[in-house]
Amino acid sequence: MAANNLSAVIETHGSAVKLLRNSKIGMYVYPVVAAEFSNWRSEQVAWRKSAVLFDQTHHMDELIVEGPDSAAFLEYVGVNSFANFDLNRAKHFVPVTPAGNVIGDMIIFREREDKFVLVGRAPTANWVRFQQAIGKWKVRLTHDPRSDSRPDGKAIYRTHYRFQIQGPDANKIFDKLNGGPVPDIKFFHVDWIKIGTRRVQALRHGMAGAPGLEVWGPYADKHYIQSTILEAARDIGVDLALVGSRAYSTNTLESGWIPSPLPAIYTGGGMLAEYRDWLGADSYEATGSIGGSFVSDDIEDYYVNPFELGYGFYVGWKKKDFIGKDALLKMKDEKHRKKVTLEWNRDDLLKVVASAFEDGTPYKWIDFPQPNYASTNADLLLNGNKPAGISMFNGYSFNERCMLSLGVVDDDIRIGDQLTLIWGEPEPTGKTSTEPHRQAEIRVKVAPTPYAREARENYADSWRTKSAT
Amino acid sequence: MAHKNLEDVLKAAKNPVDLLRNSRIGAYVYPVVPAEFSNWRDEQAAWRKSCVLFDQSHHMVDLYIKGPDALKLLSNLAINSFANFPVDRAKQFIPCSYSGHVIGDGILFHLEKNNLVFVGRAPSANWIQFHAETGKYRVTIKKDDRSPSNPKGNAVKRISYRFQIQGPNAWQVIEKLNGKKVPEIKFFHMGAIRIKGQRVRALRHGMAGAPGLEIWGPYKEREKIREAILAAGEEFGIAQVGSRAYATNTLESGWIPSPLPAVYTDERMKKYRKWLPAGSYEATGSLAGSFVSDNIEDYYVTPYEIGYGPFVKFDHEFIGREALEKIAGKPHRRKVTFAWNGEDVTKAFGSLFTGTEEEHYKYIDLPLSNYASSSFDKIVDKNGKVVGASMFAGYSYNERSMLSLGIVDPNVQLGDEVTLVWGEPDGGTRKTTVERHKQLNIRATVSAVPYSKFVRETYAAGWRTGT
């Protein structure tokens with residue numbers, strides 16, 4: 001009989017590492033949105049120099065949590081303090097395992113006293129659903145999974161459309177749309193603005209130091225809202241670029257968020273063993289992939305804790321209880337790896353590119369602008385010959401004219417240090433996203449997060465900036 | 001005011017060259033099919049080493065032509081002979097303008113008596129449709145346009161699905177599907193196989209020297225048929241090919257998919273230009289590359305130049321015959337493959353990491369490097385003289401080389417080193433696919449068509465090999 005839950009799938013494959021490193025799921029796709037609207041270089045430039053429209057309708061799960069216990073339930077599941085969580089605010093919601101390792105993250109919006117909307121990758125949505133299933137909370141959940149990775153001509157339906165308008169000229173567009181200055185929404189606060197005949201909710205967000213808004217509403221309004229935004233930009237002469245799926249995920253290289261930590265749920269007994277039985281064989285956790293040169297027999301070596309990702313200051317220590325509290329309390333004052341940006345060496349990169357034009361086995365192809373080849377990436381970083389960290393998310397930035405990656409490095413590594421990133425996998429795996437290749441050594445320079453100076457200096461004081469020093 | 005037709009659009013533009021070189025339509029997309037199933041390197045390797053499934057259901061126009069005058073109409077438009085074209089035969093149909101320049105090409109299937117379908121890019125389909133509607137032919141036309149380039153999550157519908165099973169193991173997959181030996185079908189003849197107990201029509205095709213089939217049927221059966229092919233193909237290493245790798249297969253086999261339709265000039269074509277809508281391929285398409293001339297006719301090619309000389313048959317009347325008769329025996333530019341110098345290609349990539357706008361070379365996207373619906377890059381000899389043009393470019397993992405297909409002057413020899421000028425002058429045109437850049441000279445070796453030694457030595461004798 002076919003394995004019908006994650007526990008059985010792991011057993012079939014021998015271990016979680018074997019399962020994930022040999023996953024056949026293919027690339028982690030940003031679905032439905034066109035690959036390029038203009039070209040990915042110009043689209044990247046637009047978020048730095050004019051304005052962009054990100055279509056975030058399709059690549060994230062959405063989970064609605066409603067009911068009298070909603071706030072208490074989510075406070076228990078996530079590490080975050082809800083002390084300041086007024087209506088019409090958003091937070092960066094991070095749940096950890098009882099052992100204190102990160103499961104994932106989602107943006108959480110408080111729409112009503114008793115209603116929250118969570119948006120992000122599947123692992124957090126799944127974990128929240130599980131907690132509801134095993135708990136006795138008075139909450140009701142509605143789960144809208146991300147769009148099909150390969151719709152292949154089939155119609156796609158979501159509950160909501162979701163757009164971000166970002167960049168230095170974004171405000172001009174909002175003012176035009178709103179028929180006057182938009183309310184001065186604070187960072188990660190939500191208010192209502194006018195788009196055409198609709199009043200829509202808008203979250204103040206920002207990227208690369210410039211202001212921006214995220215707006216959402218019923219999926220049926222998507223076309224109307226998008227064309228109204230484009231028309232407003234045209235009317236005031238703002239060069240608003242639609243960003244395609246090839247450029248989209250690289251924006252985080254400049255701003256410093258790591259989208260793809262491995263959910264730390266493959267080990268642990270009790271609640272976690274039960275979770276693995278609960279998770280379907282077709283879940284993200286059972287089908288996802290790990291790619292990269294970092295290989296360990298122990299899946300726990302791929303886990304990260306919230307301190308390492310720069311989320312330490314989210315933790316609501318004053319909360320009576322939440323999953324992972326004890327573990328985090330113990331970890332709190334220990335030394336932690338820290339999040340950094342890595343700047344890849346040009347000559348070493350070109351050696352990889354050049355191998356595509358030579359006979360023999362080439363180095364692993366570096367796809368531009370998004371070289372990731374798994375849902376979770378783990379490339380080994382060496383300081384001399386000594387392991388010094390893991391590179392976790394790659395991307396080329398035309399704005400910085402540089403290949404960058406985000407990762408975690410040992411506490412004693414300093415900005416400006418040179419490390420070596422091992423690119424490519426040591427042995428052939430079952431992943432369909434990798435061609436036969438050999439490994440390359442790529443020198444990388446440790447740089448701050450966010451990498452973009454504008455983002456670093458002007459971005460709202462937040463987790464992005466609380467990292468390496 | 002919005003323009004109604006191509007003639008209006010051209011009147012408003014300075015020059016057709018200027019219009020097309022600055023088209024805002026974006027990249028020429030191979031729609032709907034996922035970008036990659038596995039990864040484009042392995043997908044390319046599979047058509048050489050095991051077998052592949054191409055999903056051709058979306059990127060071509062299907063034009064159904066029915067009626068007692070269907071063959072007469074098509075014969076009047078084609079350089080090809082219709083002398084030996086019974087039912088269950090297909091041919092590469094090539095229409096020319098009155099001046100003897102190529103309008104396009106595609107595959108014409110003789111499905112039944114008085115019932116044919118043309119499958120290919122829009123320009124040939126439009127030209128056939130125009131003559132069907134405006135000429136005195138007893139025909140009816142049904143056009144099934146290609147799928148939208150950006151479906152935006154909406155359902156996509158075609159009349160037919162269209163698959164190819166190709167590669168060295170293709171025939172084994174086909175026979176396994178069929179449940180028994182498939183009787184020999186000659187190249188470009190049609191037959192049928194059985195899939196899941198159902199009769200499916202098939203065109204004998206081939207790739208890399210191995211026989212393959214193109215099959216089609218009602219679109220709603222696409223899933224079922226695909227699943228059957230993948231299941232049968234598993235043991236033979238079948239790989240689905242995504243839209244990133246798909247179009248690059250031609251670099252190894254030598255067909256140029258994208259000649260500029262020769263419709264923008266000539267009084268005799270004016271009626272057609274007034275018929276062609278302002279939203280047509282011809283009015284919205286784009287032209288890219290380093291070759292720039294004020295005269296759009298400099299971008300036209302004759303059938304002789306792109307390897308269709310053997311197809312030109314003066315055994316019938318057809319549009320363009322007079323012009324072609326005049327040039328038939330003369331020397332022509334001819335089709336070749338350009339193998340790009342790897343160091344120079346790497347140099348183009350190097351500019352991604354150096355710095356400034358002034359230093360940036362036009363990005364070479366792998367594996368498909370075109371950035372317009374028609375491409376025209378200058379080929380220059382060692383004396384600086386323009387001796388040809390590169391017309392379709394991309395990377396072949398099988399050959400570990402950037403390759404492009406194009407044409408060269410008669411005196412250029414195989415093995416000659418030439419320079420391909422990559423990128424557009426003056427920082428680039430206003431096409432949305434173009435970031436500001438400077439031009440780069442890339443060394444290239446003039447090579448045979450098909451490039452692949454394997455293909456060249458084993459492919460069915462025909463236009464590809466010029467025999």
Side-chain angles (χ1 to χ4, degrees), chain A residues 24 26-27 29 31-42 45 55 57-58 147 149-158 219 222-223 241 245-246 344-347 349-351 353-360 362 365 367-369 373 396 398 401-403 431-437, chain B residues 24 26-27 29 31-42 45 55 57-58 147 149-158 219 222-223 239 243-244 340-343 345-347 349-356 359-360 363 365-366 371 395 397 400-402 431-437:
Chain A
K24 296 273 183 202
M27 307 289 281
V29 172
V32 185
V33 177
E36 291 175 296
F37 288 93
S38 57
N39 68 80
W40 62 258
R41 280 87 55 211
S42 300
V45 168
D55 183 352
T57 308
H58 297 288
S147 300
S149 290
R150 298 184 176 90
D152 210 9
K154 287 188 281 291
I156 295 291
Y157 302 99
R158 295 297 314 258
Y219 188 63
K222 180 169 192 267
H223 178 72
S245 55
R246 286 184 71 182
W344 297 24
N345 179 280
R346 170 186 195 264
D347 294 339
L349 268 166
L350 287 180
K351 186 179 71 180
V353 169
S355 76
F357 311 111
E358 294 157 2
D359 287 336
W365 172 246
D367 210 18
F368 289 85
Y373 52 93
Y396 171 78
F398 192 60
R401 291 288 199 280
C402 198
M403 184 67 78
K431 277 190 292 296
T432 58
S433 54
T434 49
E435 71 280 14
H437 63 271
Chain B
R24 307 285 293 172
V29 172
V32 184
V33 177
E36 292 173 296
F37 288 93
S38 57
N39 67 81
W40 60 256
R41 279 87 54 208
D42 281 336
D55 183 353
S57 305
H58 298 287
S147 298
S149 292
N150 179 8
K152 302 177 181 173
N154 297 316
V156 171
K157 288 213 174 69
R158 295 298 310 263
Y219 188 71
R222 187 174 71 127
E223 268 325 300
S243 55
R244 285 184 73 184
W340 302 21
N341 179 289
E343 284 170 32
V345 174
T346 305
K347 186 173 168 194
F349 273 89
S351 77
L352 285 173
F353 311 109
T354 15
T356 64
E359 288 173 23
H360 177 69
Y363 179 64
D365 207 10
L366 265 52
Y371 50 97
Y395 173 75
Y397 180 70
R400 295 282 196 280
S401 181
M402 278 292 299
K431 278 187 292 293
T432 58
T433 51
V434 176
E435 72 278 18
R436 296 307 94 201
H437 64 273

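Letters A, B, ... mirror the listed sequences (proteins, then strands); counts begin at 1.
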For [X], is it the side chain, the backbone, both or neither that has a heavy atom under 4.5 Å from a heavy atom of chain A?
| X | answer |
| --- | --- |
| B:Glu223 | side chain |
| B:Trp40 | side chain |
| B:Arg222 | side chain |

Looking only at non-hydrogen atoms, find the nearest pair between [X] and [Y] and report the distance.
| X | Y | answer |
| --- | --- | --- |
| B:Asp42 | A:Thr432 | OD2-O, 4.2 Å |
| A:Val32 | B:Lys152 | CG1-C, 4.0 Å |
| A:Pro362 | B:Arg400 | CD-NH2, 3.4 Å |
| A:Phe37 | B:Asn150 | CE2-ND2, 3.6 Å |
| B:Val32 | A:Asp152 | CG1-C, 3.5 Å |
| A:Asn39 | B:Thr433 | ND2-C, 3.4 Å |

Check whether any side-chain N or O of A:Tyr373 sits under 3.5 Å from a backbone N or O of B:Asn39 as a donor-acceptor pair, and report yes or no.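 Checked: no pair found.
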Sub-3.5 Å donor-acceptor pair from the side chain of B:Tyr395 to the main-chain atoms of A:Ala356, do we have one?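 Yes, because the side chain of B:Tyr395 sits within donor-acceptor range (under 3.5 Å) of the backbone of A:Ala356.
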Which one of [options] has the most heavy-atom pairs closer than 4.5 Å to chain A?
| options | answer |
| --- | --- |
| B:Glu36, B:Arg24, B:Lys157 | B:Glu36 |
| B:Val33, B:Val345, B:Asp365, B:Val29 | B:Asp365 |
| B:Ser147, B:Gly26, B:Pro34 | B:Pro34 |
| B:Asp55, B:Val156, B:Val434 | B:Val156 |

Among A:Ser149, A:Pro31, A:Gly360, which has the most heavy-atom pairs under 4.5 Å with chain B?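 Option with the top pair count is A:Gly360.
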Name the option with the most non-hydrogen atom pairs under 4.5 Å to chain B; the candidates are A:Ser355, A:Gly26, A:Ala354. A:Ala354
Kindly compute the distance separating [atom1] ([X]) from [atom2] ([Y]), expressed to the nearest 0.5 Å.
| X | Y | atom1 | atom2 | answer |
| --- | --- | --- | --- | --- |
| A:Trp40 | B:Glu435 | CH2 | CD | 7.5 Å |
| B:Thr346 | A:Leu349 | OG1 | CG | 12.0 Å |
| A:Lys24 | B:Ser38 | NZ | OG | 9.5 Å |

What I'd like to find out is whether the side chain of [X] reaches to under 4.5 Å of the side chain of [Y], using heavy atoms alone.
| X | Y | result |
| --- | --- | --- |
| B:Thr432 | A:Glu36 | no |
| B:Arg436 | A:Val45 | no |
| B:His437 | A:Arg41 | no |
| A:Phe398 | B:Tyr363 | no |

For [X], is it the side chain, the backbone, both, or neither that has a heavy atom closer than 4.5 Å to a heavy atom of chain B?
| X | value |
| --- | --- |
| A:Thr434 | backbone |
| A:Trp344 | neither |
| A:Pro436 | both |

Would you say the ring centers of B:Tyr397 and A:Trp365 fall short of 6.0 Å from each other? no
Ring centres of B:Phe349 and A:Phe368 under 6.0 Å apart? yes
Taking only residues two or more places apart in sequence, or in another chain, which ones meet A:Arg158 in a salt bridge (Lys or Arg N to Asp or Glu O under 4.0 Å)? A:Asp144
Can you confirm whether more than 12 heavy atoms, excluding those of [X], are under 6.0 Å from its [atom1] atom?
| X | atom1 | result |
| --- | --- | --- |
| B:Lys347 | NZ | no |
| A:Asp347 | CG | yes |
| B:Glu343 | CD | no |

